[in-house]
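For reference, positions follow the sequence shown, starting with 1.
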Amino acid sequence: MAGADCYVNPDEQLYEDADIRSMAEDYKKYKPEEAQSKVQERLNRMENVTLNIAVTGMTGSGKSTFINAIRGLRDDEEMSAPTGVTETTMVPTAYPHPSMPNVKVWDLPGCGSLKFRAKTYLKDVRLFDFDLFIIMTADRFKENDIMLAKAIRKKKRLFYFVRSKIDTDIRNEMKKTTFNEQAMLSKIRQDCERNLERVGGSRVFLISSFELGKYDFPPLMDTLRHQLPEHKRYVLIQSLPLCSSEMLDIKLKHLRSMAWLTAFGTGAIAMIGGVGVSLACDFAIVVGFLRSAAKSLGVDDDSLRRLAMRVNKPLPQLKAAMTSKIAEGICPKTVGALCSAGTVHGMVIKTLFPITAGAISVVTTYRFLSKGLSYLATDARAVLRAADID
C-alpha cells in the first residue's frame, strides 16, 4: 500500500490545528518521496501566485483611498494611488503591494464614463486579467453598476458590492438627537440591497477605508477567503494590512499551515543530501520563512513605518512594544538563538518514519518555525495595542 510508511497518523491528533491534520491525511496515500514532491509543488504554487484585484466605481466613490488602505498606505505616501474630487483614473492602472509585488490592486475607470461605455466595458478593461471585481459606490448603486455585475456573473468571475465612506455617513448622522448607529447602518444596507435585487441575492459590504477593522471589511475578507482558490486565498490574506486582532489570528492560521508545508518540504533535502546538507538548508529556510512572516504580520521595519504613519504614532513607540527574542529583526544571530532554545510548548510532533534524516529535518524545522511564529505573534499583538488598534 502506498501510504504504509507515511509520516503522521492523524487519528493520534499529532497536530493541534485541524487544517494541518487534514493536510497530513491528504498526503498519507503517497510514499514519502511522492508526498514531499507534492508538498513542494504546493509551496511553489503558493509562492509564485499572482493576485489581481479590480476596483471600479464612479468619481467620488472612494476607490483610490480604498486601494491605498488595503495595501496599508495613506493617501499621501509615495506608492499611493492619487485621490481627488475629479476623475483621476482614465485607463486601468495597477498599484502593486508595497512588499508583495505579485499582488496588484487595479484602479479601473468608472463603468459608463466618457471613455468606457457600459456595453463594451468588460472588453475594454480586459475582464480576464482580474481574479475578482469590487464595485464601489458612496451612495446608491446605479444602473451601470448593475449591468456590470450581471456581465461579470455571466463570465463566471467573482464580484462584490462595497458601499464606502460609512464613517462620513456616521459623522453626519451623529448630529441628530435620534441617532442610532446600528439602525442607520441597517437602513443603508437595506436600501442598497433593494437597489440590487435584479442582480439576485447580492450582499453589500459597508466599509470605511480609514477604519478597516470596523464595519464590514472583515466579513468581506472572510467571504473572499472562502471563495478564492487556495493559492490565491493565501496570498490575499498575507498581503492585507494588520488592522485588527481578528486579522492577526487569520494570518497566523495560514502561516502555521505554511510552516508545516515548509518543514515537510525540507525532508526531501535531508534524504537527498544527508543531515549535514539539511541543517544548512534548514537554517536558511527558517530565516527566509520568518522574514516573510514578519512582513505579513506587520512587524518588519517597512511595515512598522507605514503603520506609524497610518495611525499617527511615533515609530520608536511601536518598536518599543516589541520585546520577544527576535524583536531585533530576523537575522542569523536571532534565529540562531531561537534554534538553540528548547521546544515549542503545547506542540507535540511525532512521525511514523523510522528515524531518518528526513524525519529529523521535518520535526526540527517545524519546531523552529512554530516557535518563531509565536514570538512574531506576541510582538504583533503588542504593536496593535501600542497603535490603539483593537
[Y] reachable from [X] in the ILVMFWY side-chain graph, under 4.5 Å edges:
X      : Y      : result
Met247 : Phe210 : no
Leu315 : Leu307 : yes
Tyr215 : Phe141 : yes
Met100 : Leu228 : yes
Ile250 : Phe217 : yes

Are [X] and [Y] within salt-bridge range, i.e. N to O under 4.0 Å?
X      : Y      : answer
Asp167 : Arg171 : yes
Lys104 : Asp129 : no
Lys165 : Asp139 : no

Does some side-chain heavy atom of [Y] sit less than 4.5 Å from a side-chain heavy atom of [X]?
X      : Y      : value
Ile135 : Val162 : no
Phe205 : Arg203 : yes
Val55  : Asp107 : no
Leu212 : Pro241 : yes
Arg71  : Tyr95  : yes
Arg74  : Ser80  : no
Lys319 : Val383 : no
Leu304 : Met322 : yes

Identify the two heavy atoms, one from [X] and one from [Y], that lie closest to each other, and give their separation to 0.1 Å.
X      : Y      : answer
Phe179 : Met184 : CE1-SD, 4.2 Å
Gly213 : Ser244 : CA-CB, 4.3 Å
Val204 : Arg163 : CG1-CB, 3.9 Å
Ala259 : Leu373 : CB-CD1, 4.2 Å
Ala377 : Leu248 : O-CD2, 4.2 Å
Ala321 : Ala382 : O-CB, 3.2 Å

Backbone of [Y] reached by a side-chain donor or acceptor of [X] within 3.5 Å:
X      : Y      : answer
Asn195 : Arg140 : no
Asp379 : Val299 : no
His254 : Tyr234 : no
Ser374 : Ser370 : yes
Lys63  : Leu108 : yes
Ser164 : Thr137 : yes
Lys251 : Ser296 : yes
Ser61  : Met58  : yes

Going by atom types only, do [X] and [Y] share a side-chain donor-acceptor pair under 3.5 Å?
X      : Y      : value
Ser303 : Asp300 : yes
Asn102 : Thr50  : no
Ser186 : Gln190 : yes
Asn68  : Arg310 : no

Subject >> side-chain contact (heavy atoms from CB on, under 4.5 Å) partner of Leu255, chosen from Leu376, Leu290, Leu297, Ile237 >> reply: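 That would be Leu297.
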Test side chain to side chain donor-acceptor pair (under 3.5 Å) applied to [X] - qualifying residues, sequence neighbours left out:
X      : answer
Arg189 : Asp216
Asn52  : Trp106
Lys156 : none

**OP:** Drop me the distance from Leu236's CG to Arg233's CZ, to the nearest 0.5 angstrom.
**Re:**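 It comes to 10.0 Å.
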Original post:
For Tyr160, what residues pass the ring-ring contact (aromatic ring centres under 6.0 Å, His included) criterion, not counting sequence neighbours?
Top reply: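 For Tyr160, no residue satisfies ring-ring contact (aromatic ring centres under 6.0 Å, His included) once neighbours in sequence are set aside.
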Subject >> Stepwise salt bridge (charged side-chain N to carboxylate O under 4.0 Å, His left out) check, Lys142 with Asp145 >> reply: CA-CA 5 Å; Lys142 306 294 192 298; Asp145 298 320; 6.0 Å; no
**OP:** Hydrophobic side-chain clustering at under 4.5 Å (ILVMFWY, transitive links): who's grouped with Met79? Put none if nobody.
**Re:**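 Besides Met79, the hydrophobic cluster comprises Leu73, listed by chain and residue number.
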Original post:
Would you say Lys295 has more than 12 foreign heavy atoms packed within less than 6.0 Å of its NZ?
Top reply: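 Not more than 12 within 6.0 Å, no.
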Subject >> From CA spacing to verdict: side chain to side chain contact (heavy atoms under 4.5 Å, CB included), Arg153, Phe159 >> reply: CA-CA 8 Å; Arg153 174 174 285 168; Phe159 68 90; 3.7 Å; yes
**OP:** Dump the intermediate steps for side chain to side chain contact (heavy atoms under 4.5 Å, CB included) on Ile134 and Ile53, then the final yes or no.
**Re:** CA-CA 8 Å; Ile134 292 177; Ile53 301 171; 4.2 Å; yes
Subject >> By salt bridge (charged side-chain N to carboxylate O under 4.0 Å, His left out) - contacts of Asp75 (at least two apart) >> reply: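 With neighbours one apart ignored, the set is empty.
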**OP:** Give the C-alpha distance, both sets of side-chain angles, the deciding distance and a yes or no for side chain to side chain contact (heavy atoms under 4.5 Å, CB included) between Ile389 and Val311.
**Re:** CA-CA 9 Å; Ile389 297 175; Val311 299; 4.1 Å; yes
**OP:** For side chain to side chain contact (heavy atoms under 4.5 Å, CB included), just list the numbers for Met221 and Leu240, CA-CA rounded to whole Å, side-chain angles, deciding distance to a tenth of an Å, and then say yes or no.
**Re:** CA-CA 9 Å; Met221 292 303 105; Leu240 292 173; 3.4 Å; yes
